[in-house]
Amino acid sequence: LDEPCGMVCVPHRLALEKGGNMASQITANIIKNGEPVDILYGRLSQEDDHAGDSNSIVNQRSYLEKYAADNGFQNPVFMADDGYNFDRPAWQDIVTLIEAGLVRTLIVKDMSRLGREYLKVGELTELYFPSKGVRFIAVNDGVDSLVESSNDFNPIRNWANELHAKDTSRKVRSVKRMQAENGERL
């Protein structure tokens with residue numbers, strides 16, 4: 001890998017289109033270096049296809065890089081996925097790094113970028129990250145695991161994110177069904 005460990009963009013979809021698993025290579029380099037990193041994590045979900053560029057990986061990366069620079073994070077690495085469940089390639093690499101004790105902080109734009117499954121997100125933020133010594137920050141939601149009061153509304157926020165995903169999915173299916181019934185190209 002030619003890029004040094006640092007502000008690295010790893011959108012898995014693009015890496016796989018180029019015929020390799022760049023995130024796994026970067027993960028291997030981080031493990032080899034043994035220096036803990038601050039993960040900036042972006043995720044483009046299927047629901048975002050309808051939201052335009054506001055949640056694009058490019059915009060998430062720019063936003064998170066600025067946040068990291070403004071707040072003194074010394075060793076940021078950007079990783080990204082698309083998808084809606086936790087079987088995402090870059091996410092699996094992040095878990096590998098966490099298990100190796102090489103993640104200091106995990107920073108996302110908002111809680112929904114981590115995931116929309118409220119029970120899983122709650123398990124991660126309330127149990128897993130603290131047990132592994134990982135600081136978790138959701139910038140737009142004002143969540144920082146170092147600030148106890150910032151976590152008070154997380155269960156409600158996680159539940160609302162899951163409901164939003166289900167509602168959007170139902171609406172999209174309804175529109176697609178109507179288009180199919182009208183003979184429109186899908």
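For this chain, numbers begin at 1 and follow the sequence in order.
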Query raised in the report: So Y128 and V134, side-chain contact (heavy atoms from CB on, under 4.5 Å) or not? Walk me through it.
Result: CA-CA 8 Å; Y128 182 69; V134 174; over 6 Å; no
Report task. Kindly indicate, with the supporting measurements, whether the criterion salt bridge (Lys or Arg N to Asp or Glu O under 4.0 Å) is fulfilled by R135 and D144. Result -> CA-CA 7 Å; R135 179 181 180 189; D144 184 339; 2.5 Å; yes
Query - side-chain contact (heavy atoms from CB on, under 4.5 Å) between F78 and L64, worked out - result: CA-CA 8 Å; F78 183 84; L64 293 172; 4.0 Å; yes
Requested in this report: Quick one: do R113 and Q60 satisfy side-chain contact (heavy atoms from CB on, under 4.5 Å)? Show the steps, please.
Outcome: CA-CA 9 Å; R113 298 302 92 197; Q60 288 178 61; 3.2 Å; yes
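The side-chain heavy atoms of V37 and E35, taken from C-beta on, include no pair separated by under 4.5 Å. By the 4.5 Å heavy-atom criterion applied to side chains, L114 and T125 are counted as neighbours. For the pair Y67/I137, a side-chain contact is recorded, criterion being any heavy-atom separation below 4.5 Å from C-beta on. Side-chain atoms of F136 and I107, non-hydrogen and from C-beta on, never get closer than 4.5 Å to each other. Residues V143 and M111 meet the side-chain proximity criterion, which asks for heavy atoms closer than 4.5 Å. F129 places a side-chain heavy atom less than 4.5 Å from the side chain of I98. Using a 4.5 Å cut-off on side-chain heavy atoms (C-beta onward), K109 and N59 make no contact.
N140 is linked by a side chain to side chain donor-acceptor pair (under 3.5 Å) to Y63, counting only residues two or more places apart in sequence or in another chain. When the side chain to side chain donor-acceptor pair (under 3.5 Å) test is applied to Q92, no partner is found at least two apart in sequence or on another chain. For T105, the side chain to side chain donor-acceptor pair (under 3.5 Å) partners at least two apart in sequence or on another chain are D38. Shown here are the ring pair (Phe, Tyr, Trp, His ring centres under 6.0 Å) partners of F73, two or more places apart in sequence or in another chain: there are none. In this structure K120 satisfies the salt bridge (Lys or Arg N to Asp or Glu O under 4.0 Å) test with no other residue, sequence neighbours excluded.
Between D81 and A90, the shortest heavy-atom contact is OD1-N, 2.9 Å. Closest heavy-atom contact between V103 and L97: CG2-CB, 3.5 Å. Closest approach of I57 to L44, counting heavy atoms only: CD1-N, 3.6 Å. Closest heavy-atom contact between L40 and P76: CD1-CB, 3.9 Å.
Using a distance-only test at 3.5 Å, with no hydrogens or angles considered, a donor-acceptor pair links the side chain of Q74 to the main chain of G72. Panel note: side chain D110, backbone V139; no donor-acceptor pair is recorded below 3.5 Å.
Ring planes of W91 and F86: perpendicular class, angle over 60° (limits at 30 and 60°).
Rounded to the nearest 0.5 Å, atoms CD (E126) and OG (S145) are 10.0 Å apart. Here CG of D82 is found 9.5 Å from CZ of R43. Values are rounded to the nearest 0.5 Å.
Applying the salt bridge (charged side-chain N to carboxylate O under 4.0 Å, His left out) definition to pairs two or more places apart or across chains, those involving residues 68-77 are K66-D70.
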